Amino acid sequence: MKFKGRAWKFGDNVDTDVIIPGKYLRTTDLRSLGEHAMEGLDAGFKPAPGDIIVAGKNFGCGSSREQAPMALKYAGISCVVARSFARIFFRNAINVGLPIVEANICDAVESGDVVEVDLDNGIVKAGGREYESTRLPEFLQDILKAGGLVAYRRGVR
Amino acid sequence: MGTISEEILGRAAGKKACAGEFVIARVDYAMSHDGTSVLAVKALKEMGVDKVWDPSRIIIPLDHLVPANNETTALLHKELREWAFSHGIVHFYDVGEGICHQVMAEKGFAMPGKVVVGADSHSCTYGAFGAFGTGVGATDMAEIYASGKLWFRVPETIKVTIDGGLPKGVTAKDVALHVIKHVKADGAAYKALEFYGSTISEMSMAGRMTLCNMAIEMGAKAGIVPPDARTEAYLEGRAVEPYAPVYANDASYCDEYHFDSRISPLVACPFEVDNVHDVEEVEGRHIDQVLIGSCTNGRFEDLREAARILDGRKVKCRTLVIPASRGVMLEAISSGVAATLLKAGATICNPGCGPCLGGHMGVLAQGEACMSTTNRNFRGRMGKGAEVYLGSPLTAAATAIEGKIADPRRYL
């Protein structure tokens with residue numbers, strides 16, 4: 001899986017409450033989550049389809065709410081590149097089919113820069129440089145490629 | 001041969017489990033609340049699974065938005081009730097029973113040596129009972145509903161030792177904040193914590209729950225206290241099935257911390273849980289609302305501590321007390337604690353999560369500040385543009401009297 005898009009840069013410890021505030025969780029229209037993504041941190045967050053989030057350490061800390069990666073996915077984000085992820089967000093992102101990559105590119109990127117991610121080979125390109133990222137184990141890559149755990153499970157049954 | 005997490009996950013996976021490895025482990029009990037069950041049920045349906053693995057091992061308490069705050073929530077609750085009934089879910093707890101983690105403890109599902117997974121980040125609370133308790137999202141929960149199993153990366157473990165008696169006015173919450181202050185918000189990411197030392201062995205089960213509850217605030221996958229006689233006494237007549245305690249055995253730890261219990265009452269200031277200060281440093285800051293409750297500090301012991309300070313005094317700002325369960329509320333009533341709190345001017349709400357997650361019942365207005373016994377002070381969590389300070393029930397009660405952050409030691 002390969003992605004190329006413009007960066008939206010955030011700092012360390014971006015928590016699930018700012019990714020999608022608690023008051024939006026009770027909805028049967030999951031696509032509407034995308035309209036409120038990152039609302040708690042940046043009211044002007046309006047990504048173009050394919051844009052990439054770049055962040056520091058511990059991205060997605062806090063709640064187990066799966067609506068957090070879902071909101072980013074429905075907002076049009078193709079991939080999140082962070083120095084590190086919170087554990088539950090990491091699982092949830094894979095389960096809902098939001099590609100995530102651990103790479104330390106935050107200092108080299110400004111919002112608006114073009115970032116390229118090669119998930120299969122664990123390479124991220126930003127600011128004219130290549131960075132190595134932690135490669136996901138194959139079975140997690142397979143879940144992502146299927147579009148998430150639900151689709152993967154339907155496929156393997 | 002390993003840490004408690006390695007031993008428990010190894011037992012549940014039927015093979016040796018070493019830190020860093022991926023294993024598929026059997027789950028003993030699975031919990032999801034009103035907030036996450038809805039999505040889990042949806043994912044299960046989309047997976048094409050029409051039967052759950054074991055309806056007696058799935059626990060569903062309604063706690064996040066209870067009673068329903070609007071028609072959407074009411075409808076989601078209704079659908080969940082109907083689903084639980086049609087799937088024969090044995091342990092369904094409706095509005096008013098209590099917060100999921102408290103219910104899991106009180107009803108005896110959190111036991112030594114068990115793998116207990118919850119669709120809620122604070123499921124690490126079950127480590128207070130020597131269980132491997134961890135939080136996952138809704139789709140992972142659907143996978144457990146379907147198969148009774150889940151993949152885990154076996155975590156490395158940080159050993160935390162705390163020795164000494166707690167000074168006057170210092171509680172398990174302060175110990176938790178002290179550990180977070182040093183380990184940091186991401187210091188235990190992907191890892192487990194094991195707690196040792198005389199401070200822990202002297203700590204009540206309620207206190208251990210407070211401590212393990214906040215393991216996730218360091219990013220931890222689990223926070224575990226080795227089970228002892230106190231654990232057994234709590235589970236006597238309560239555990240839903242036999243259990244076999246698991247202990248670390250010639251384990252290797254990735255990191256170790258040693259703490260002294262001689263600490264001040266602590267406060268975590270907005271907007272990060274590791275932004276921890278001695279209460280002396282932040283005393284006097286204006287507070288609009290005090291909240292005593294939540295899965296962190298809504299137990300009877302917490303209410304009793306708050307009542308100690310509020311007895312015969314009056315609160316100066318609006319003060320919400322939310323018992324963690326019906327059982328806690330009953331105890332507060334029968335002991336007179338509830339009357340003490342009401343006489344002081346507090347409002348006692350029904351058991352549940354209350355405004356902790358910003359959804360319901362006591363949400364803050366823009367520009368307001370809350371002193372709360374909950375576990376998170378993230379930006380906007382209890383209301384857009386509002387601030388949350390975290391402290392112990394003692395600190396919260398003292399703050400309620402002054403309407404500004406106050407040192408509880410003055411009132412003891």
Side-chain angles (χ1 to χ4, degrees), chain A residues 12-30 39-41 43 56-70 82-97 102 137-140 143 148-157, chain B residues 22 34-36 38-40 42-44 46-49 64-65 69-70 72-73 75-76 118-123 134-140 142-143 146 151 153 155 184-186 189-191 216-217 219-221 271-274 356-360 363 376 378-384:
Chain A
D12 292 339
N13 300 321
V14 172
D15 63 68
T16 49
D17 278 276
V18 297
I19 298 174
I20 184 79
K23 63 181 169 185
Y24 298 121
L25 299 184
R26 300 302 169 273
T27 176
T28 45
D29 175 18
L30 297 177
E39 192 176 287
L41 212 52
K57 62 181 184 176
N58 205 24
F59 187 89
C61 60
S63 158
S64 71
R65 62 186 69 161
E66 209 163 272
Q67 289 94 334
M70 244 177 224
R83 193 170 140 200
S84 65
F85 290 92
R87 187 191 72 83
I88 302 176
F89 182 91
F90 182 89
R91 294 186 76 107
N92 286 345
I94 289 165
N95 286 343
V96 305
E102 276 187 344
E138 210 153 309
F139 81 101
L140 294 184
I143 294 174
L149 185 60
V150 168
Y152 175 77
R153 209 173 193 284
R154 288 181 76 98
V156 297
R157 281 171 71 84
Chain B
F22 288 85
D34 51 333
T36 44
V38 174
L39 280 184
K42 182 172 177 286
L44 188 73
E46 287 171 1
M47 284 172 179
V49 179
H64 268 52
L65 287 174
N69 59 334
N70 60 30
T72 308
T73 306
L75 182 65
L76 294 174
D120 185 279
S121 61
H122 292 102
S123 304
T134 198
V136 297
T139 303
D140 271 334
E143 176 62 34
W151 68 265
R153 184 167 177 268
K184 296 289 171 198
D186 68 333
Y190 304 108
K191 298 184 174 74
I216 180 71
E217 308 312 332
K221 187 170 201 162
F271 291 105
E272 277 157 4
V273 184
D274 58 5
C356 173
L357 62 153
H360 190 29
V363 171
R376 286 193 178 132
F378 297 160
R379 190 181 295 275
R381 179 159 171 98
M382 270 195 215
K384 196 172 180 179

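Lettering follows sequence order; numbering is per chain, from 1. Here the structure is a predicted model, which is why all the values come from computation and not from measurement. Values reported hereafter were calculated over all heavy atoms of this structure, with side chains retained and with hydrogens, waters and symmetry mates removed.
- No donor-acceptor pair under 3.5 Å is formed between the side chain of A:Glu66 and the backbone N or O of B:Leu39.
- Contact annotation for A:Leu140: only side-chain heavy atoms (C-beta onward) come within less than 4.5 Å of a heavy atom of chain B.
- Residue contact with chain A, scored on non-hydrogen atoms closer than 4.5 Å, involves the backbone and the side chain of B:Glu46 alike.
- In this structure, A:Arg26 CZ and B:Thr72 OG1 are separated by 10.5 Å, a value rounded to the nearest 0.5 Å.
- Interface remark: A:Asn95 contributes backbone and side-chain atoms alike to the contact with chain B (heavy atom separation under 4.5 Å).
- Atoms CG and CZ, on B:Asp186 and A:Arg87 in that order, are 14.5 Å from each other to the nearest 0.5 Å.
- Comparing B:Ala138, B:Ala220, B:Gly380 by how many heavy-atom pairs each has under 4.5 Å with chain A, the most go to B:Ala138.
- In terms of heavy-atom pairs under 4.5 angstrom with chain B, the leader among A:Asp15, A:Asp12, A:Asn92, A:Asn58 is A:Asp15.
- Among the candidates B:Phe22, B:Tyr190, B:Phe271, the residue making the largest number of heavy-atom pairs closer than 4.5 Å to chain A is B:Tyr190.
- Contact count against chain B (heavy-atom pairs under 4.5 Å) is highest for A:Gly62 among A:Gly62, A:Pro21, A:Gly22, A:Gly40.
- Rounded to the nearest 0.5 angstrom, B:Trp151 CH2 and A:Arg91 CZ are separated by 4.0 Å.
- Only the side chain of A:Pro137 comes within contact range of chain B, with at least one heavy atom under 4.5 Å from a heavy atom of that chain.
- Within the 4.5 angstrom heavy-atom criterion, atoms from both the backbone and the side chain of B:Ala185 approach chain A.
- In this structure, the portion of A:Phe90 lying under 4.5 Å from any heavy atom of chain B is its side chain and not its backbone.
- Only the side chain of B:Ile216 comes within contact range of chain A, judged by heavy atoms closer than 4.5 Å.
- When the side chain to side chain contact (heavy atoms under 4.5 Å, CB included) test is applied to A:Ala68, the partners found at least two apart in sequence or on another chain are A:Thr16, A:Ile19, A:Ile20, A:Arg65, A:Phe89.
- Here the OG1-CD1 distance, from B:Thr139 to A:Ile94, works out to 12.0 Å after rounding to the nearest 0.5 Å.
- Rounding to the nearest 0.5 Å places CZ of A:Arg153 at 8.0 Å from CG of B:Leu44.
- Considering only heavy atoms from C-beta on, B:Lys42 comes within 4.5 Å of A:Leu30 through its side chain.
- In this structure, A:Ser63 and B:Leu357 have side chains that are not in contact, with every pair of non-hydrogen atoms separated by 4.5 Å or more.
- Ranked by heavy-atom pairs shorter than 4.5 Å toward chain A, the options B:Thr134, B:Asn69, B:Asp34, B:Thr73 are led by B:Thr134.
- Considering CZ of B:Arg379 and CG of A:Asn13, their distance stands at 12.0 Å, rounded to 0.5 Å.
- Under a 3.5 Å cut-off, the side chain of A:Asp17 and the backbone N or O of B:Phe378 do not form any donor-acceptor pair.
- Of all heavy-atom pairs spanning A:Ser64 and B:Thr36, the tightest one is OG-CG2, 4.2 Å.
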